[in-house]
Amino acid sequence: MKLNIERILYLIWISLSIFVIVSSYKYGLGTLNIPGPGLTPFIFGLFLLLASLVLIIRSFLDRFKKPGNYEMLKIFSLRTTLVLTSFFIYVLLLNKFGFLITTCFFLMFLFRTMGIMKWSKLIFSSVLIVLSAYFIFGSLGVRLPAGILKW
Amino acid sequence: MKNRTLRHIILITLIVICGWFFINDCWAAEKSYPTRSIDIIAGFGAGGPSDLLNRALAKGLEKHLQVTLVPVNKPGGSGLIAMSYLANSPPDGYTMVTQGMNLLIAVLNKTATSSLEDFMIVGQASAFSSVMAVSANAPWKTFQEFVDYAKKNPGTKYAHPGTGSIIYNRMENLNKAAELGLIGVPFKSDAECIAPVMSMNIPIGVYAVTNPKRQADAGKMRILFSFDPPKEAGLDPNLPTINSFFGKTIADLDIDIPMFLWVPAKTPPEIVKILETALKKVCDDPEFAESLKKIDLRVAFLDSETCMKQKLPHQLSRMKTLIEAASQQKK
Amino acid sequence: MDVLNGLIAGFQTVFQISNLFYCFLGVLIGTLIGVLPGIGPSGAMSILLPATFGMTPVSAIVMLAGIYYGSMYGGSTTSILVNIPGEAASVVTCLDGYHMARHGRAGPALGIAAFGSFIGGTLSILGLMFLVFPLAEAAIKFAPPEYFSLICMSMTLLIYLASKSVGKAFIMMLLGLILGTVGMDLVSGSPRFCFGYPRLYDGIGIIPMAMGLFGISEVLMNLDDNGGRVIIKTKIKNLLPTMDDWKKSIVPITRGSILGFLLGVIPGGGTIIASFLSYSVEKRFSKNPSAFGNGAIEGVAGPETANNAASTGAFVPLLALGIPSNVIMALLLGALIIHGIRPGPTLITQHQDVFWGIIASMYLGNIMLLILNLPLIGIWVKILKIPYSILMPLIILFCIIGAYSINNSVWDIIVMFGFGIIGYILILSDYEPAPMILAFILSPMIEGAFRQSLIMSDGKFSIFIQRPISATALVITALLFFSTGFSYYRKTKIKIAAEV
């Protein structure tokens with residue numbers, strides 16, 4: 001059985017729907033006339049389970065074979081992984097170090113990933129962009145996190 | 001200019017900027033409280049009664065504290081987001097929340113993420129008056145007529161702004177104590193309860209006084225009953241109240257809807273005292289009373305000690321009994 | 001109250017220099033807010049509310065209202081240019097608008113969006129002027145059973161948002177429905193799927209979700225030119241819609257105006273549903289439905305008109321009865337109170353200057369917005385020419401600030417990021433985000449209305465059929481459902497027959 005991204009997703013939907021069904025049951029189903037908090041998610045979860053089962057079975061039948069391979073590697077290329085990881089780190093550090101510093105480094109990293117190599121250009125443009133964004137949005141009333149530079 | 005020189009210049013500039021703010025901060029801390037602007041937060045969206053009270057308080061406190069009070073909205077979770085935010089704020093008296101007993105209800109319903117011990121009440125500023133109103137086209141002209149109808153038709157519906165709201169619990173309290181046999185239909189806000197009752201899709205609704213009073217003045221709705229003394233809310237003084245209609249025993253079980261000024265528990269007592277005095281002065285200020293009147297609220301000051309030692313435990317025990325009774329019913 | 005006299009008096013009020021200035025300021029800020037993803041009109045309005053204290057009531061409301069309908073103009077800009085919805089009502093514009101931009105037709109897309117918004121806005125002001133009282137009376141008759149049936153109707157049209165696999169669209173719909181249940185349950189007050197996070201008590205935020213699913217996922221896809229998604233560098237031809245474009249758009253614009261206005265009048269209806277429904281309706285009744293999702297200009301004209309019409313329609317219950325139909329109207333209500341005006345049924349009779357001033361300012365505001373937005377098209381189109389290596393980090397920064405500005409919280413950035421990754425994987429696997437987002441929005445509404453109705457009827461389902469409006473909506477739902485199912489069945493039969 002070929003485990004491409006398509007089938008992985010169907011399996012994810014199936015597990016998700018089972019999770020939803022079980023949790024909704026715990027929230028209380030009530031009766032159809034007096035629904036409890038769990039009834040609606042339960043019904044949705046059930047339909048999701050059915051739909052994903054139908055689709056995953058269909059994906060094995062030749063009749064419905066569709067072109068396209070969807071290999072995992074293609075989805076997470078080097079560049080994409082770099083961007084995603086840096087985004088993740090950025091979000092973790094944002095509140096701690098404040099907008100100005102974290103975003104500055106983040107921008108520099110992004111520009112670098114996109115191919116701009118000269119350090120002077122990187123630093124200069126990142127600092128400029130971050131400072132202007134801070135003040136423009138500050139004047140619009142958005143107080144970006146100050147982090148360690150509190151004022 | 002060479003790359004390296006540019007880098008050095010930028011680095012030095014950043015260090016100077018950091019240093020400047022650091023020095024500023026140290027210097028500021030030496031003057032006495034308050035020295036800079038204070039954030040006063042409302043746990044609900046702009047335009048609603050909580051927000052309007054918050055803004056009125058901000059304006060009033062500004063006069064007596066001599067600094068800017070910045071009204072901020074942090075809506076969400078029926079007021080819990082604002083409380084969580086407050087719990088995580090530094091206890092230096094520069095962050096406050098204007099809110100009622102929302103945290104209490106969440107604690108009792110076990111949906112709270114902070115505990116009451118994280119907070120301190122500076123004082124009570126006001127209290128929301130609650131009323132019951134029907135459509136102007138409804139057949140009941142007095143509260144007595146409605147009660148008679150309700151008793152003959154158990155399961156009559158009433159609109160309310162949500163099972164987590166204080167006013168719902170207040171109403172259910174009365175409902176059970178007086179055996180009115182009403183069933184509540186939940187909506188998402190006070191304003192959403194107006195249309196269904198006005199068009200008679202639902203017989204009656206329970207509200208904060210603001211919205212139905214507006215409709216009543218325009219002849220579209222009729223206010224039948226007021227939980228709190230009606231005169232203070234600007235209503236017809238002959239309206240039946242809990243006391244006059246249901247008698248003392250049931251009136252003693254009532255919970256009112258106070259609006260407190262909250263700060264983090266660890267705030268130094270001197271700062272709390274300064275805020276409390278300022279709050280009292282604001283409540284004595286006729287300008288404040290006037291601004292509250294515009295939003296159909298009344299001034300009701302209580303000091304910190306009364307709130308913490310008497311009011312809070314009192315409300316807690318009442319709410320507890322009520323909520324426990326409700327969950328008993330569900331089983 | 002003579003309409004003509006009132007209108008003349010209104011224009012006289014508005015043409016005072018101060019009011020003109022505040023009207024312009026309002027629509028300018030509104031356009032900016034609409035263009036900036038994240039912070040919506042409600043955010044800007046709450047921030048500017050204190051600034052209005054020194055103004056006259058008319059000026060204050062004129063400015064605040066300008067921010068609201070102005071943002072409906074600006075919202076389409078980023079949707080079309082970079083697939084980032086400026087706010088939730090512009091999500092649908094991403095579907096065809098972005099496609100047009102990638103094929104060098106950003107100008108006509110932006111143009112038709114501006115013109116459609118203008119026509120929708122102006123026509124609905126007419127509705128507001130003449131029909132305000134009867135409409136308001138009709139609007140309040142909508143109770144939970146009617147809402148339920150209306151939303152059922154909308155849900156059958158949901159399927160039209162998809163242009164590829166129906167099965168996958170169905171799964172997206174269900175996912176959206178499930179995600180919509182996250183949060184505090186309306187009836188019982190207990191949290192569902194919150195895992196102890198109070199931020200989830202109000203559910204997942206729609207704006208960070210939309211920004212992630214559409215905007216961030218698109219950025220991720222463009223990183224490696226996946227599937228030929230590079231912004232196609234054809235010569236940007238006309239900057240304005242052609243005659244052919246206009247011919248195709250005139251019907252969607254008309255339908256969008258009426259549909260949008262009526263949906264705006266119903267409390268809780270709103271601009272988001274108006275734009276989605278307009279798209280679905282246009283696709284359903286189009287002679288060329290397969291063009292939708294591939295740069296059909298009708299898919300931009302209809303929704304953009306509808307969301308502007310809806311924003312004007314929302315004023316009906318507010319001005320006629322003092323009942324706010326959404327969060328923004330509640331804000332305006334507060335603003336009116338602060339300025340000493342008692343909103344409610346007496347507003348129109350007791351404060352004629354305010355009412356007619358607002359109406360006149362809306363006409364003026366829409367004209368100003370058209371004049372503002374058209375020349376900007378040239379500038380926006382130039383932005384597309386910036387090399388992507390520079391544009392991409394800027395877009396990400398833009399989104400980060402936008403997401404943060406909603407609630408001043410990093411949480412929204414996290415949500416956006418999360419849905420960005422999810423959207424990226426899903427879109428590469430031929431799933432479409434649009435049905436999920438609409439299902440997500442409708443989920444709490446339909447469940448809430450359903451349960452409220454059952455409480456009202458003591459558990460009897462007959463309540464939905466006994467009430468005339470509700471029954472009619474359900475009949476239409478059934479018809480739509482069966483006709484959709486039938487045509488799908490026919491198409492599949494033909495497809496299978498062809499393959500055999």
Side-chain angles (χ1 to χ4, degrees), chain A residues 5-6 9-10 13 16-17 20 23-24 27-28 31-38 40-41 44-45 47-48 51-52 54-55 58 63 66 68 70 74-75 77 79-80 83-84 87-88 90-91 94-95 99 103 106-107 110-111 113-116 125-126 129-130 133 137 140-145, chain C residues 29 32-33 36 39 43-44 47-48 165 167-168 170-171 174-175 177-178 181 185 187-188 190 192-193 216 219-220 223-224 226 388-390 392-394 396-398 400-401 404-405 408 410 413-414 417 420-421 424-426 428-431 443 447 450-451 454-455 458-461 496 499:
Chain A
I5 192 78
E6 178 116 346
L9 280 175
Y10 290 138
W13 305 145
L16 185 67
S17 55
V20 168
S23 316
S24 327
Y27 289 136
T31 72
L32 205 54
N33 285 24
I34 310 176
T40 323
F44 293 152
F47 272 107
L48 183 62
S52 6
V54 165
L55 284 176
R58 255 171 65 150
R63 211 153 48 124
K66 282 213 180 88
Y70 318 113
K74 226 177 166 193
I75 292 182
S77 71
R79 212 183 235 181
T80 319
V83 170
L84 286 177
F87 207 149
F88 186 65
Y90 172 72
V91 166
L94 183 56
N95 258 332
F99 177 75
T103 318
F106 185 49
L107 272 185
L110 285 179
F111 279 128
T113 342
M114 294 303 287
I116 300 178
S125 35
S126 302
I129 293 174
V130 166
F137 284 93
L140 286 176
V142 181
R143 291 194 286 176
L144 293 156
Chain C
I29 296 177
L32 280 175
I33 294 294
L36 293 172
I39 192 166
I47 293 172
L48 288 171
S165 158
K168 290 183 174 167
F170 195 57
I171 288 197
L174 287 168
L175 282 175
L177 286 173
I178 291 176
T181 60
D185 175 36
V187 172
S188 64
S190 49
R192 295 187 292 196
F193 302 115
I216 300 288
V219 164
L220 291 173
L223 285 180
D224 292 308
N226 261 317
Y388 200 67
S389 52
I390 301 183
M392 174 281 219
L394 287 177
I396 291 193
L397 178 66
F398 204 42
I400 288 176
I401 299 181
Y404 181 81
S405 65
N408 279 353
V410 183
I413 304 181
I414 297 176
F417 176 45
I421 303 180
Y424 174 61
I425 300 178
L426 287 179
L428 279 184
S429 315
D430 275 341
Y431 286 84
S443 169
E447 184 193 4
F450 184 65
R451 290 164 78 185
L454 284 183
I455 295 179
D458 294 312
K460 295 202 252 312
F461 288 111
I496 296 179
E499 282 172 20

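Numbers restart at 1 for each chain; the letters A, B, ... are given by sequence-line order, proteins then strands.
For A:Pro41 against A:Val20, the heavy-atom pair with the smallest separation is O-CG1, 3.3 Å.
Your options are A:Thr113, A:Leu107, A:Leu84, and the one with the most heavy-atom pairs under 4.5 Å with chain C is A:Leu84. Ranked by heavy-atom pairs shorter than 4.5 Å toward chain A, the options C:Ile216, C:Ile455, C:Asp458, C:Ile390 are led by C:Ile390. Ranked by non-hydrogen atom pairs under 4.5 Å with chain C, the options A:Gly45, A:Pro35, A:Ala133 are led by A:Pro35. Here C:Leu177 is the residue among C:Leu177, C:Asp185, C:Leu175, C:Thr181 with the most heavy-atom pairs under 4.5 Å with chain A. Interface remark: of the candidates C:Ile400, C:Ile414, C:Ile413, C:Val187, C:Ile400 forms the most heavy-atom pairs closer than 4.5 Å to chain A.
Heavy-atom distances place both the backbone and the side chain of A:Leu48 under 4.5 Å from chain C. For a residue to count as touching a neighbouring chain, one of its non-hydrogen atoms must lie under 4.5 Å from one of that chain's; by this rule A:Val83 touches chain C with the side chain only. Looking at C:Leu48, neither its backbone nor its side chain comes within 4.5 Å of chain A, counting heavy atoms on both sides.
C:Leu394 places a side-chain heavy atom less than 4.5 Å from the side chain of A:Ile129. Residues A:Pro37 and C:Glu447 form no side-chain contact, since every pair of their non-hydrogen atoms from C-beta on lies 4.5 Å or further apart.
Applying the side chain to side chain contact (heavy atoms under 4.5 Å, CB included) rule to A:Tyr10 yields the partners A:Glu6, A:Trp13, A:Leu55, A:Ile56, A:Ser59, C:Lys168, C:Ile171, C:Tyr431; only residues at least two apart in sequence or on another chain are considered. Residues passing the ring-ring contact (aromatic ring centres under 6.0 Å, His included) test with A:Phe87 are A:Phe106, C:Phe417, sequence neighbours excluded.
Proximity of the aromatic rings of A:Tyr27 and C:Phe193 is defined here by a centroid distance below 6.0 angstrom, and this criterion is met.
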